[in-house]
Amino acid sequence: MSEKVNTSSNFIKNIVKEDLASGTHNEIITRFPPEPNGYLHIGHAKSIVLNFELADEFGGRTNLRFDDTNPLKEDREFVESIKEDIEWLGYEWDGLHFASDYFEEMYDRAVLLIKKGLAYVEDLSQEEIRAYRGTLTEPGKESPSRSRSVEENLDLFERMRAGEFKDGEKVLRAKIDMSSPNINLRDPVLYRISHTRHHNTGDKWCIYPMYSYAHPLEDAIEGVTHSICTLEFEDQRPLYNWVVEKCEMEATPKQIEFARLNLTNTVMSKRKLKQLVDENYADGWDDPRMPTISGLRRRGYTAEAIKQFCREIGVAKSDNTVDVRMLEHFIREDLKMKAPRTMSVLHPLKVVITNYPEGEVEWLDAEVNPENPEMGMRKIPFSREIYIEQSDFMENPPKKYFRLFPGNEVRLKHAYFIKCNEVIKDEDGNVIELHCTYDPETKSGSGFTGRKVKGTLHFVEASQAKEAEFRLYNPLILDEKEGNDFMDQVNADSLEITRGYVEPNMSEAGPHDKFQFFRHGYFNVDPKYTSEDKLVFNRIVELKSSFKL
RNA sequence: UGGGCUAUAGCCAAGCGGUAAGGCACCGGAUUUUGAUUCCGUGAUUCGCAGGUUCGAAUCCUGCUAGCCCAGCCA
């Protein structure tokens with residue numbers, strides 16, 4: 001299968017085309033700039049696909065840059081998992097950088113700002129700064145520190161760096177406009193003091209730059225031409241441009257904002273995902289119900305399906321909530337030709353074929369994937385005792401029920417027609433076994449046309465069956481449930497674990513092998529819980545079905 | 001209510017003054033040894049609303065309405 005190319009347009013692509021046509025840029029350079037303080041999720045994937053494929057389409061380059069300007073929250077652990085996820089998605093970054101690589105240059109540029117009278121060291125406390133900032137509708141007022149001399153500012157800033165002050169005692173601010181209607185321009189903080197060890201620079205620094213100061217410099221230093229971020233940074237664009245200009249950066253990156261991804265039945269914020277993990281609603285960040293890249297991977301989503309989804313949802317500026325069924329569509333489409341078909345019984349019901357010879361096992365021919373004949377054939381056993389799905393039998397079925405019921409005949413996939421003659425129940429009245437007869441003339445592939453049957457069931461032969469565990473997932477979040485707290489929307493039934501049977505040849509299956517369980521859906525061998533003597537499958541997604549009881 | 005942004009079908013989304021792409025979902029129908037797949041068909045006289053400009057407007061102008069974001073020494 002060849003990689004699909006996104007031919008559709010979006011406003012960012014249009015900007016890039018214009019910049020190339022006008023000669024503003026000869027090469028496109030983008031970057032994916034995660035903060036190493038958590039795991040990547042499908043929303044990040046949207047940004048990753050956008051940045052990497054946009055540059056690639058126009059022969060440009062994309063850097064991976066960790067925005068590690070806040071050592072209080074960041075950790076090495078996350079840079080490794082982020083790199084792993086990007087690589088798994090199949091992208092190769094051009095340069096691998098850290099914001100912290102540029103701390104020295106950022107410091108020098110701050111000194112430049114001070115010398116130009118465009119930055120000053122603030123004595124006011126955090127609370128006072130907030131009070132002086134004004135409100136959304138009222139202008140702020142200027143701090144007494146604002147009129148400090150360049151010399152004094154230079155001295156104070158140097159002493160901030162030297163560690164002479166405690167956390168929060170001083171701060172470096174840009175001198176812009178305290179009465180700006182855009183609050184981001186009311187003398188924003190550029191540097192704060194934090195005597196915190198940094199995962200990259202150790203104890204070298206005790207002052208750290210703020211995002212709004214650091215980010216534009218990082219982009220400019222790397223020669224990024226199009227700095228793509230999400231909508232909430234729109235108000236910061238004037239500040240972004242101010243920093244690039246006043247710091248006299250050679251390159252002039254352009255910040256472009258797009259709407260982040262929202263998915264139905266899903267929460268995407270790091271805070272909420274963390275809460276689900278911390279309160280044990282999820283089995284870690286890679287729980288198959290999580291929208292994290294690692295969760296989707298464990299669930300069984302392929303990189304190709306995730307990427308194709310990201311390409312097809314488009315890029316725009318309007319708030320959006322994409323139907324999660326669209327994501328499901330792309331994994332079905334990707335696995336349709338790739339995944340071997342196999343029969344598994346998730347909720348077993350024993351069936352005895354009373355007219356089949358005892359002790360005999362015959363091996364039937366079955367296609368591995370009828371949609372992809374190149375995948376060849378396999379052998380499956382058949383004998384007197386088999387398991388079928390509990391939901392494939394009803395003692396008193398409604399109309400249009402094509403499956404097994406007393407007196408009805410159905411086809412067993414790859415095998416024979418069987419007819420239900422007797423229902424065995426336990427003392428509580430539960431159906432525990434069926435007695436059926438088969439018709440040897442109806443063998444699959446024999447060309448039998450004597451009579452037709454409405455239903456085809458899957459089965460697993462009992463003596464050769466291999467036991468397995470199935471983990472059936474439902475949405476973690478229920479949109480239709482209302483609540484003030486998103487935790488009220490957590491689905492109490494998001495995981496069903498069953499034990500059943502798979503075909504004997506499944507003993508060869510290993511972690512991350514993907515299958516289509518006939519009439520059920522696509523499943524992935526779980527890499528965490530599968531062991532030598534235990535096969536565990538994650539249901540990636542069900543097959544679509546128009547069947548309604 | 002200061003500033004920024006957004007509004008095209010149930011959900012995404014293209015469109016850039018010449019008469020509404022595409023995908024998902026849904027619903028029909030055909031084929032089917034998966035109630036799957038595949039195939040075929042169906043939905044906007046209309047683009048948040050109201051005016052205006054124009055031979056012609058989703059596209060330009062004016063006014064309104066609704067939603068999202070901003071008052072971290074987070075990113």
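Convention: sequence-line order gives letters A, B, ...; per-chain numbering from 1.
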Which nucleotide, [options], lies nearest any side-chain atom of [X]?
X: A:Asn14; options: B:rC73, B:rG15, B:rG35; result: B:rG15
X: A:Ser444; options: B:rC5, B:rU33, B:rC12; result: B:rU33
X: A:Asp235; options: B:rU34, B:rA14, B:rC70; result: B:rC70
X: A:His329; options: B:rC24, B:rA13, B:rU34; result: B:rC24
X: A:Leu543; options: B:rG4, B:rC74, B:rU34; result: B:rU34

Does a side chain donor of either A:Asn200 or A:Ser100 reach within less than 3.5 Å of an acceptor in the other side chain? yes
If you compare every side-chain N and O of [X] against the phosphate oxygens of [N] (OP1, OP2), does one of them come in below 4.0 Å?
X: A:Ser546; N: B:rA36; result: yes
X: A:Lys544; N: B:rU37; result: yes
X: A:Thr456; N: B:rU32; result: no
X: A:Arg519; N: B:rG35; result: yes
X: A:Arg133; N: B:rG72; result: yes
X: A:Arg325; N: B:rC11; result: no
X: A:Lys270; N: B:rA75; result: no

Checking ring pair (Phe, Tyr, Trp, His ring centres under 6.0 Å) between A:Tyr191 and each of A:Tyr213, A:Tyr208, A:Tyr211, A:Trp205, which is the one that passes? A:Tyr213
Between A:Arg237 and A:Gly168, whichever has its closest RNA chain B nucleotide further toward 5' is A:Arg237
Those residues at least two apart in sequence (or on a different chain) that pass side-chain contact (heavy atoms from CB on, under 4.5 Å) with A:Arg146 are A:Tyr120, A:Glu142, A:Lys175, A:Met178, A:Asp187
I'd like to check the side-chain contact (heavy atoms from CB on, under 4.5 Å) partners of A:Asn372; sequence neighbours left out, ordered by chain and number. A:Met337, A:Asn369, A:Glu374, A:Met375
If only atom types and distance count, is the side chain of A:Ser180 paired as donor or acceptor with the main-chain N or O of A:Asp177 below 3.5 Å? no
A cation-pi test, strictly: NZ or CZ of A:Arg161 under 6.0 Å from the centre of the six-membered ring of A:Tyr107 and no more than 45 degrees from its axis. Yes or no? yes
Determine, using ring centers only, whether A:His458 and A:His520 are less than 6.0 Å apart. yes
Is B:rG29 syn or anti, taking syn as a glycosidic angle within 90° of 0? anti
Which range-with-range stems can be found for RNA chain B when each stem has 3 or more Watson-Crick or G-U pairs in a row and both distances sit under 3.5 Å? B:2-7 with B:65-70, B:10-12 with B:22-24, B:27-30 with B:38-41, B:48-52 with B:60-64
